[in-house]
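Below you'll find the structure, written out as structure tokens, and then a few comments.
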Protein chains: 2
Amino acid sequence: MERLIRNLKIAINPKVFVKDPESSDLGKRLVEHGIGLIDAHGFENFTFKKLGEQVGSNESSVYRYFENKHKFLLYLSSWYWGWMEYRLVLNTLGIADAEEKLSKALEILTQPVELDMAFEHIDEVALNRIMVNEHSKPFLTKSVDRENREGYFEPYKRLVERLAEMIRAVDGDYGFSLSLASTVLEGSLHQHFLDVHFPSLTNCKKPETITRFFKQLVSAALNQAS
Amino acid sequence: MERLIRNLKIAINPKVFVKDPESSDLGKRLVEHGIGLIDAHGFENFTFKKLGEQVGSNESSVYRYFENKHKFLLYLSSWYWGWMEYRLVLNTLGIADAEEKLSKALEILTQPVELDMAFEHIDEVALNRIMVNEHSKPFLTKSVDRENREGYFEPYKRLVERLAEMIRAVDGDYGFSLSLASTVLEGSLHQHFLDVHFPSLTNCKKPETITRFFKQLVSAALNQAS
DNA sequence: GCAAATATAATAGTGTTACTATCATTTATA
DNA sequence: TATAAATGATAGTAACACTATTATATTTGC
């Protein structure tokens with residue numbers, strides 16, 4: 001298992017990078033320290049100059065891997081959703097019962113993330129914090145439609161589609177499987193954000209409660225509609 | 001009614017502006033054209049220099065009203081949520097039945113916005129598009145906690161609280177009234193965004209469908225829980 | 001082991017943005 | 001009409017997001 005897992009790689013659309021950061025030591029350090037910097041100081045305060053210095057190099061080296069910092073965020077976001085999909089599939093593969101499968105899926109997608117030793121240079125917990133704190137920045141841009149056409153959001157779209165499928169497996173008559181799936185994925189990040197920054201706007205004081213909330217919500221929606 | 005409505009003003013926390021834009025003709029034009037520019041070109045491409053030129057003045061005049069463009073967005077966002085609250089209250093005031101009241105509230109909060117002639121210099125339809133396309137930018141910043149403490153998000157918080165109250169009026173035993181309310185408000189903007197940019201991730205092709213989706217979701221959640 | 005190719009590092013330069021400061025001019029008010 | 005207040009015009013600064021160029025390592029093919 002250890003050995004097998006060590007060879008795993010989350011596939012990323014090559015258009016988001018100039019040179020694959022997984023292909024070199026420097027590239028991996030850029031990703032590792034980029035996550036650290038964004039997590040610590042926020043995406044707005046993150047610059048390629050700082051990242052270059054952080055890895056003991058400079059700006060120009062970073063530009064050889066990523067066109068700009070927005071593409072860097074797209075890389076992290078693609079990696080994150082690709083990794084979530086991998087976790088989702090891995091953990092639901094053996095489950096035959098549709099309801100049980102959906103329930104497990106909701107756990108995987110809404111519970112707080114734990115460190116995955118399979119990917120050495122990526123701190124998934126920090127990356128998850130980044131997704132919570134910056135989650136809409138990859139797509140809330142004027143170029144979203146062009147970037148969508150170029151396939152930058154495929155990992156996220158695949159995940160929504162997978163969840164929607166599991167919803168339909170439980171209740172084929174429910175007409176809002178996609179909307180519900182996208183609401184859960186988006187809403188989960190948002191509830192985690194509220195938990196940290198706006199506790200008065202959520203009843204989920206503990207992260208487990210977020211999972212309970214969404215499980216109950218989905219189950220209610222499907223029970224009613226069928 | 002016309003007369004009464006003409007004297008209405010959405011109250012905004014004075015900390016978000018340097019000088020109240022409602023207090024002068026220039027101020028109102030700044031807000032009016034600011035909405036136009038952000039709607040047309042996106043918040044990232046919006047600068048005070050362009051806004052100054054747009055109103056036949058210059059950068060320095062804009063800075064006399066707003067500290068920076070983030071505060072300008074906070075102003076628009078505060079106005080929008082304040083206006084939503086006003087519409088919510090106005091349209092549900094006379095309804096005695098709790099379920100009917102909640103149903104009306106969900107319509108007000110999730111349906112596409114129409115022009116409100118009561119506020120001459122504000123194009124609510126364009127402002128709504130801005131909220132859909134930029135909605136998380138007011139709070140997805142490193143300074144969110146400080147700004148929250150300074151009260152910049154009160155209008156939004158009040159609205160969530162009001163909706164949560166209406167949910168509890170229908171079902172006092174439901175334990176997630178705040179989470180559900182914040183999920184609906186956030187989710188509604190998100191579904192409208194998906195409708196425009198990611199149609200494959202939503203079942204809501206027509207805006208009315210978004211309202212149906214959330215009404216059904218809320219009603220299911222409350223029926224089950226009680 | 002050496003030359004060629006490739007990757008990385010260092011430096012400099014450009015246009016834009018987000019301001020700040022200063023001063024001149026117009027407009028409102030006492 | 002004098003005075004104050006609001007607005008307009010201009011200049012300047014530091015940081016940022018790049019691009020370009022050149023120098024120096026490091027790897028690879030032979």
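Residue numbers start from 1 in every chain, and the chains themselves are labelled A, B, ... in the order their sequence lines are given, proteins ahead of strands. Note that this is a predicted model, so its numbers are computed, not measured. These numbers come from the heavy atoms of this one structure, side chains and all, not from hydrogens, waters or symmetry mates.
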Side-chain N or O of [X] versus OP1/OP2 of [N]: is the shortest distance under 4.0 Å?
X	N	value
A/Tyr65	C/dA7	no
A/Ser61	C/dA9	yes
A/Ser57	C/dA9	yes
B/Lys69	C/dT17	no
B/Thr47	C/dT17	no

Report the distance from atom [atom1] of [X] to atom [atom2] of [Y], rounding to the nearest 0.5 Å.
X	Y	atom1	atom2	result
A/Tyr65	A/Ser23	OH	OG	5.5 Å
B/Arg212	B/Ile210	CZ	CD1	11.5 Å
A/Tyr156	A/Leu74	OH	CG	14.0 Å

Check your understanding: Ignoring hydrogens and angles, are the base of D/dA17 and the side chain of A/Asn68 linked by a donor-acceptor pair under 3.5 Å?
Key -> no
Review point. Between the base of C/dA9 and the side chain of A/Arg64, is there a donor-acceptor distance below 3.5 Å?
Key: yes
Exercise for review: I would like to know whether A/Lys9 and A/Asp20 meet side-chain contact (heavy atoms from CB on, under 4.5 Å); could you show each step before the answer?
Suggested key: CA-CA 12 Å; A/Lys9 205 186 142 178; A/Asp20 186 356; 2.9 Å; yes
Have a look at [X] and say if it touches a base, only the backbone sugar-phosphate, or nothing, with a 4.0 Å heavy-atom cut-off.
X	value
B/Glu53	nothing
B/Phe66	nothing
A/Ser60	base
A/Lys49	nothing
B/Tyr63	base

Practice item. Assess B/Lys69 against B/Phe43: is NZ or CZ under 6.0 Å from the centre of the six-membered ring, and within 45 degrees of the ring's axis? Key: yes
What integer distance in Å separates [X]:[atom1] from [N]:[atom2]?
X	N	atom1	atom2	value
B/Asp25	C/dT26	CG	P	18 Å
A/Lys28	C/dT8	NZ	C1'	17 Å
B/Phe43	C/dT17	CZ	C1'	13 Å
A/Asn58	D/dT22	CG	C1'	13 Å
B/Glu44	D/dA17	CD	P	12 Å
B/His41	C/dT17	NE2	C1'	17 Å
B/Leu26	C/dA28	CG	P	13 Å
A/Asn45	D/dA17	CG	C1'	15 Å

Review point. Among D/dC18, C/dT17, D/dG8, which is the nearest nucleotide to the side chain of A/Glu59?
Key: D/dC18
Point to revise | Residues A/Lys157 and A/Glu154 bridged, charged N to O under 4.0 Å | key: yes
